[in-house]
Amino acid sequence: MQKTLIVIAGPTAIGKTSLTIRLARDYNSEIISADSRQIFKEMAIGTAVPEPEELKTVPHHFIQNVSIHDDYNASSYEHQALAKLKELFKVHDLIFMTGGSGMYIEAVCSGIDKMPNIKPQIREKASALLKNNGKEALQEILKKADPVYYSETDINNPARLVRGVEMYWQTGKPFSFFRKKQPRPRDFNIIRISLDTDRDVLHKRINQRVDQMVAKGLIDEVKNLRQWQNLVPLKTVGYQEIFQYLNGATSLDEAIELIKRNTRRYARKQLSWFRRNKVTSWFAPNEYESIKKHIDDAIRQEKTL
RNA sequence: GGUGCCAUAGCUCAGUUGGUAGAGCACAGGACUGAAAAUCCUGGUGUCCCUGGUUCGAUCCCGGGUGGCACCA
């Protein structure tokens, strides 16, 4: 029996959670979350994790099971999610994956090339070079050490430059040696569904959700994390803005407005990511019957193949 | 009621000594293989309030109107 992963992608606040829970119940299935922030134990309100009642109705995986103090990235997620899928496919033919982190979804669907971990000292050295000598210094190194990556990547983007340089320093080999970008075949089928709706509707939902987060105690949640504000997982919309407020840089009202604006921008970037995938089918979040029909048709097609 | 000032992008405003206009924010699009809710790139979206006049040509100058603000009654 061919196993199938159904991926429900969509921008933040569009209604992925409730839609996927309903689907997973109808198909008697389970849900794998592909969300780079809901995965952290310490972050709940600001990442809009599903409510306890929702989590009870259908088994969820990768919700709040890692600490912000752990090293975690898209590659860790790929391996854990694949292992979990293998386990779940022993009892289910159909598993749902939903979340807003495009890179996490791609990691599971297509895979990320295997690469060595970077030692913290090397990472710090590369960041220090960027800070002290600017991105030009990193560009110079890459130009000589890794002309392939240098010509392919966005050399204005410090994050890309640091990555290339630290990989070279760590291994003595160019980053492009590891970065093959070869999609890895999976032993399960993938059905991709993406959600979108009118922009003003989405913006309204985002604004409401942010107000709800504040009402649920976002400020207190962020206050408790204040000493960790420089950790990467906390470089997150909803947290950075409240840190700014707690640090006296903005008023609370300003911080809340900034969260709304930055969440709108985040939603736009997510959509941009999901549009890259040309095999996905697009639906509005309220088109439940059409979505179900699409899934049933896709499964039936697979069976006849 | 009188006088003065203002009216240009979604918002706040700049500007054109007359040749159909540009900043910030908002917004839109894109890139992205180990931080990805990160990081980076690109884009002005417009009856220049309406209406007459002057002019080859008016968003700009002049008259009238409408709306807003301020002050005086």
Side-chain angles (χ1 to χ4, degrees), chain A residues 9-13 16 33-40 43 45-49 66 68-80 99-120 122-124 126-127 130 135 138-139 148-149 152-164 166-167 170-171 175-184 199-200 202-203 206-207 209-210 213 222 230-243 254 257-277:
Chain A
T12 187
K16 294 187 292 297
S33 164
D35 190 301
S36 71
R37 291 299 187 267
Q38 291 183 359
I39 201 162
F40 292 111
M43 302 161 76
I45 297 172
T47 61
V49 294
V66 174
I68 57 173
H69 304 287
D70 297 338
D71 265 335
Y72 203 83
N73 56 49
S75 186
S76 334
Y77 176 77
E78 176 191 352
H79 296 296
Q80 291 184 2
S101 300
M103 191 170 179
Y104 279 34
I105 292 172
E106 290 317 311
V108 169
C109 294
S110 314
I112 301 178
D113 290 315
K114 234 183 158 52
M115 293 180 206
N117 292 320
I118 305 293
K119 292 181 189 131
I122 289 182
R123 174 159 288 182
E124 278 159 31
S127 314
L130 172 68
K135 61 186 179 190
L138 297 169
Q139 287 169 355
V148 174
Y149 182 59
E152 282 174 0
T153 198
D154 175 6
I155 59 165
N156 285 313
N157 191 331
R160 300 275 125 74
L161 297 171
V162 167
R163 177 80 180 138
E166 60 189 21
M167 190 60 76
Q170 163 105 13
T171 65
F175 183 30
S176 52
F177 173 83
F178 302 98
R179 190 174 166 270
K180 304 290 187 211
K181 307 189 79 163
Q182 280 295 316
R184 234 166 299 152
R199 202 52 64 93
D200 53 338
L202 183 62
H203 286 180
I206 287 172
N207 294 341
R209 169 180 280 186
V210 172
M213 286 178 178
V222 179
N230 290 320
L231 291 181
V232 169
L234 289 172
K235 296 206 181 304
T236 297
V237 174
Y239 293 80
Q240 284 297 304
E241 296 85 353
I242 300 295
F243 288 137
E254 280 166 348
E257 279 312 304
L258 282 174
I259 293 174
K260 290 176 180 172
R261 184 196 72 182
N262 291 336
T263 305
R264 291 195 292 270
R265 290 177 175 178
Y266 170 51
R268 181 148 40 88
K269 283 194 303 179
Q270 289 177 300
L271 283 164
S272 164
W273 188 292
F274 300 138
R275 282 188 211 109
R276 285 173 85 183
N277 188 289

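Here is the naming used below: chain letters follow the sequence lines, and residue numbers restart at 1 for every chain.
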- Note on the structure: Sorted by chain and number, sequence neighbours left out, salt bridge (Lys or Arg N to Asp or Glu O under 4.0 Å) with Arg184(A) holds for Glu78(A)
- So do Ile259(A) and Thr263(A) actually touch side chain to side chain, heavy atoms under 4.5 Å? yes
- Roughly, in whole Å, what's the span from CG in Asn157(A) to C1' in G34(B)? 15 Å
- Heavy atom of residues 101-109 of chain A under 4.0 Å from RNA chain B: which residues? Ser101(A), Met103(A), Tyr104(A)
- Item | Contact under 4.0 Å: Arg37(A) side-chain N or O vs A36(B) OP1/OP2 | yes
- Query: When you check the phosphate oxygens OP1 and OP2 of G29(B), does a side-chain N or O of Arg199(A) lie under 4.0 Å from one of them?
  - Reply: yes
- Note on the structure: Nearest-nucleotide check on RNA chain B, Pro183(A) vs Ala74(A); residue mapping nearer the 5' end is Pro183(A)
- Task: Would you indicate, yes or no, if C32(B) has its OP1 or OP2 atom less than 4.0 angstrom from a side-chain nitrogen or oxygen of Arg276(A)?
- Result: yes
- Message: Among residues at least two apart in sequence or on other chains, which ones pass salt bridge (Lys or Arg N to Asp or Glu O under 4.0 Å) with Glu124(A)?
- Response: none
- Message: Quick one: does any side-chain atom of Asp70(A) pair with a main-chain N or O of Tyr72(A) as donor and acceptor, under 3.5 Å?
- Response: no
- Spell out yes or no: do the side chain of Asp71(A) and the base of G34(B) have one donor N/O and one acceptor N/O closer than 3.5 Å? no
- Query: Got a donor-acceptor pair under 3.5 Å from the side chain of Lys269(A) to the base of U39(B)?
  - Reply: yes
- Query: Would His203(A) and Arg199(A) satisfy side-chain contact (heavy atoms from CB on, under 4.5 Å), going step by step from the backbone distance to the final call?
  - Reply: CA-CA 6 Å; His203(A) 286 180; Arg199(A) 202 52 64 93; 3.7 Å; yes
- Looking at His203(A), does any N or O in its side chain come under 4.0 Å of the phosphate oxygens OP1/OP2 on G10(B)? no
- Message: Once you apply a heavy-atom cut-off of 4.0 Å, does Glu241(A) come out as touching a base, just sugar-phosphate, or nothing?
- Response: nothing
- Message: Rounded to whole Å, how long is the line connecting atom CD of Glu78(A) with atom P of A35(B)?
- Response: 14 Å
- Message: Are there runs of at least three consecutive Watson-Crick or G-U pairs touching RNA chain B, with each pair's two distances under 3.5 angstrom? Give them by first number.
- Response: B:1-7 with B:66-72, B:10-13 with B:22-25, B:27-31 with B:39-43, B:49-53 with B:61-65
- Message: What is the distance, to the nearest angstrom, from the CE atom on Met43(A) to the P atom on A35(B)?
- Response: 16 Å
- What is the distance, rounded to the nearest whole Å, between atom CZ of Arg268(A) and atom C1' of G43(B)? 11 Å
- Item | Side chain of Val232(A) (C-beta onward), nearest among A35(B), A26(B), C41(B) | A35(B)
- Message: I'd like to know if Arg160(A) reaches the base of A38(B) with its side chain, counting only an N/O donor and acceptor under 3.5 Å.
- Response: yes
- Rounded off to whole Å, could you give me the OH-to-P distance for the Tyr149(A) and G34(B) pair? 7 Å
- Message: Taking any heavy-atom pair under 4.0 Å as a contact, classify Arg184(A): base, sugar-phosphate, or nothing.
- Response: nothing
- Measure from CG on Asn262(A) to P on A26(B) and round the result to the nearest Å. 8 Å
- Task: Could you check Thr47(A) against Ser272(A) and say which one's nearest nucleotide on RNA chain B is further toward the 5' end?
- Result: Ser272(A)
- What is the distance from CG of Asn230(A) to P of A38(B), rounded to the nearest Å? 16 Å
- Message: For Arg264(A), give me all partners under salt bridge (Lys or Arg N to Asp or Glu O under 4.0 Å), at least two apart in sequence or on another chain.
- Response: none
- Message: Regarding Arg37(A) and Thr236(A), do their side chains bring together a donor and an acceptor under 3.5 Å, going by distance alone?
- Response: yes
- Please tell me if the side chains of Trp273(A) and Met103(A) come closer than 4.5 Å, counting only heavy atoms from C-beta onward. yes
- Query: Starting at NZ of Lys180(A) and ending at P of G34(B), how long is that distance when rounded to a whole Å?
  - Reply: 15 Å
Just distance, no hydrogens or angles: give the donor-acceptor pairs under 3.5 Å from side chains in residues 109-117 of chain A, sequence neighbours left out.
unit_1	atom_1	unit_2	atom_2	d
Asp113(A)	OD2	Lys180(A)	N	2.7
Asp113(A)	OD2	Lys181(A)	N	2.6

- Message: With a 4.0 Å cut-off on N to O distance, would you call Glu106(A) and Arg276(A) a salt bridge?
- Response: no
